[in-house]
Number of protein chains: 2
Amino acid sequence: MMVSTKGRYALTVMVDLAKLSDGGYVSLSDIAERENLSMKYLESIISILNKGGLLQSLRGKNGGYKLARSPEEYSINEILLLTEGTLAPVNCIMQDGVQCEKAATCSTLPLWAGLDKVIEQYLSKITLDDIIKGNRKKMLGDYCDQCDSE
Amino acid sequence: MMVSTKGRYALTVMVDLAKLSDGGYVSLSDIAERENLSMKYLESIISILNKGGLLQSLRGKNGGYKLARSPEEYSINEILLLTEGTLAPVNCIMQDGVQCEKAATCSTLPLWAGLDKVIEQYLSKITLDDIIKGNRKKMLGDYCDQCDSE
DNA sequence: TATAAATCCTACCACCGCGGTAGGAATAAG
DNA sequence: CTTATTCCTACCGCGGTGGTAGGATTTATA
């Protein structure tokens, strides 16, 4: 499992906020109820998104959260990277370019590096807007068996 | 982390066996020593490869393991899938097509399905032979900064 | 100004998979 | 019959995942 519930719920929250982004603040309890998720657990996740600058928050009554930018300005890669810490498929690939000491002679390293790039490339080109618009062609590519009806 | 040491070591073993495949059996202790890995831990991993039919084994003195087929007939996807159980990037994607009960209304599902396909596609096209030949162009694609020297 | 509704902060915890270790039984070559 | 090997079962510490609990702080509104 590359993406745990932390990252998945984070994306769910971002999508939820993007769907009803009318400029107002949305409370955490509303989101948790709509998405049927534990509010307390969501709290810790939304805190990461907030501190990372992806959200704006307002405390006190009628407070809540809203997107800091418009949906097409968030890549999925950015959201997942912030919450998960890393999206590397294996331990021996670090995100900051640090390498294993056996790197020079490791014959499997190019494979892992290639896999990492493929994943990053995919997640970087998809935006929050693609998700709320249901852009299946972009997300599923040639494998989308329903794209001809769109 | 999508691929744990179990899958990584499994691939290392397969690559090791592929590199010196002269038809004879190679002992586990030889592999462990060459790759500098715990022999006892490797034992449990190579057992999975053996039971899965990827290897042939011979017990007793001068026994060991060897590849059941030639290197170009193994996809990396096959090796990792067997040892890891699943390569799905998230919990809500099952490998046998089973779906979450919210699947019909889940707006993030196409993203995870697309990511899963991208990963599977990449790992399926690379073979054990590509790794021992060091086929960087195939593994690293456009990102290979050393491919022009080949 | 009191109250309610919300974010923010710190601490805690059960469970499970990962990454091994240990010891011995069965098998085959010499 | 000894030695080298695979094969099998059992065990275990550690850290991360997926939460829960409780309260402090901030803000809008009656």
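Below, chain A is the first sequence line, B the second, and so on; all start at residue 1. What you see is a predicted model; the values in this text were computed from it and never measured.
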Q: Any side-chain N or O of B:Asn50 under 4.0 Å from OP1/OP2 of D:dT6?
A: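 Checking B:Asn50 against D:dT6: no side-chain N or O falls below 4.0 Å of OP1 or OP2.
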Q: Closer than 3.5 angstrom, by distance alone: can the side chain of B:Tyr74 be matched with the main-chain N or O of B:Leu54 as a donor-acceptor pair?
A: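 Between the backbone of B:Leu54 and the side chain of B:Tyr74 there is a qualifying donor-acceptor contact (under 3.5 Å).
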Q: Has the side chain of A:Ser124 got a donor or acceptor atom that lies under 3.5 Å from a matching backbone atom of A:Gln121?
A: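 Answer holds: no.
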Q: If we ignore hydrogens and angles and just use 3.5 Å, is the side chain of A:Tyr122 paired with the main-chain N or O of B:Leu111 as donor and acceptor?
A: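 Yes: the side chain of A:Tyr122 pairs with the backbone of B:Leu111.
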Q: Assess whether a salt bridge exists between A:Arg69 and A:Glu78, defined as any Lys/Arg side-chain N lying under 4.0 Å from an Asp/Glu carboxylate O.
A: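 Salt bridge flag = yes for A:Glu78 with A:Arg69.
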Q: Does B:Asp130 reach the main-chain N or O of B:Thr127 with its side chain, forming a donor-acceptor pair under 3.5 Å?
A: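 Yes, the answer is positive, given that a donor and an acceptor are paired below the 3.5 Å cut-off.
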Q: What does the list of N/O pairs under 3.5 Å between the protein and nucleotides 13-16 of chain C look like, with a distance for each?
A:
none

Q: Expressed in angstrom and rounded to an integer, what is the separation of B:Asp30 atom CG from D:dA4 atom C1'?
A: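 After rounding, the gap between these two atoms is 11 Å.
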Q: Are any side-chain N or O atoms of B:Glu84 and backbone N or O atoms of B:Ser4, one a donor and one an acceptor, separated by less than 3.5 Å?
A: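 Pair found, side chain donor or acceptor close to backbone of B:Ser4.
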Q: Flag the pair B:Glu72 and B:Lys133 as a salt bridge only when some basic side-chain nitrogen lies within less than 4.0 angstrom of an acidic carboxylate oxygen.
A: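 A salt bridge is absent here (no side-chain N lies under 4.0 Å from a carboxylate O).
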Q: When the distance from OH of A:Tyr9 to C1' of D:dT17 is rounded to whole Å, what number comes out?
A: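 Checked: the OH to C1' distance equals 11 Å.
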Q: Is there any protein nitrogen or oxygen under 3.5 Å from a nitrogen or oxygen in nucleotides 21-25 of chain C, and what are the pairs?
A:
{"from": "C:dT21", "atom 1": "OP2", "to": "B:Ser38", "atom 2": "OG", "distance (Å)": "2.8"}
{"from": "C:dG23", "atom 1": "N7", "to": "B:Lys40", "atom 2": "NZ", "distance (Å)": "3.4"}
{"from": "C:dG23", "atom 1": "O6", "to": "B:Lys40", "atom 2": "NZ", "distance (Å)": "2.4"}

Q: Please check the phosphate of C:dG19 (OP1 and OP2 only) for any side-chain N or O of B:Ser4 closer than 4.0 Å.
A: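 Yes, because at least one side-chain N or O of B:Ser4 sits under 4.0 Å from OP1 or OP2 of C:dG19.
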Q: Rounded to whole Å, please give me the gap between NZ in A:Lys61 and P in D:dA30.
A: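 Value for this atom pair: 7 Å.
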Q: Considering every strand and a 4.0 Å limit on heavy-atom distances, what is the contact class for A:Leu58: base, sugar-phosphate, or nothing?
A: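 Sugar-phosphate: the residue A:Leu58, judged by heavy atoms under 4.0 Å, touches backbone atoms but no base.
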Q: Please compare A:Asn62 and A:Lys51 by the position of their nearest nucleotide in DNA chain C and report the one closer to 5'.
A: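 Whichever sits nearer the 5' end wins; that is A:Asn62.
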Q: Does B:Glu73 use its side chain to pair, donor to acceptor, with the backbone of B:Ser70 at less than 3.5 Å?
A: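 Yes: the side chain of B:Glu73 pairs with the backbone of B:Ser70.
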Q: Could you state the CD1-C1' distance from A:Ile45 to D:dT17, rounded to the nearest angstrom?
A: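 These atoms are roughly 11 Å apart.
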Q: Could you state the atom-to-atom distance from OH of A:Tyr25 to P of C:dC8 in whole Å?
A: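 Rounding to the nearest Å, OH of A:Tyr25 and P of C:dC8 are 10 Å apart.
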Q: Quick one: is B:Ser29 getting a side-chain N or O under 4.0 Å of the D:dA4 phosphate, OP1 or OP2?
A: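 Checking D:dA4 against B:Ser29, no side-chain N or O comes under 4.0 Å of OP1 or OP2.
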Q: Does the A:Ser38 side chain pair with the main chain of A:Tyr41, one donor and one acceptor, at a distance under 3.5 Å?
A: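 Yes: the side chain of A:Ser38 pairs with the backbone of A:Tyr41.
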Q: Base, sugar-phosphate, or nothing for A:Leu28, non-hydrogen atoms under 4.0 angstrom?
A: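 If one applies the 4.0 Å heavy-atom cut-off, A:Leu28 turns out to touch the sugar-phosphate alone, with no base involved.
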Q: Would you indicate which nucleotide in D:dT5, C:dT7, D:dG19 comes nearest to any side-chain atom of A:Ser57?
A: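 It is C:dT7.
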Q: Calculate the interatomic distance between B:Leu37 atom CG and C:dG19 atom P; express it in whole Å.
A: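 Spelled out: CG on B:Leu37 to P on C:dG19 is 12 Å.
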Q: Mark yes or no for whether B:Lys138, through its side chain, and B:Lys125, through its backbone, hold a donor-acceptor pair below 3.5 Å.
A: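 Present.
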Q: How many Å lie between CE on B:Met2 and P on D:dG16, as a whole number?
A: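 From B:Met2 CE to D:dG16 P: 20 Å.
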Q: Starting at atom CG of A:Asn91, determine the distance to atom P of C:dG17, rounded to an integer number of angstrom.
A: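 In whole Å, C:dG17 P lies 18 Å from A:Asn91 CG.
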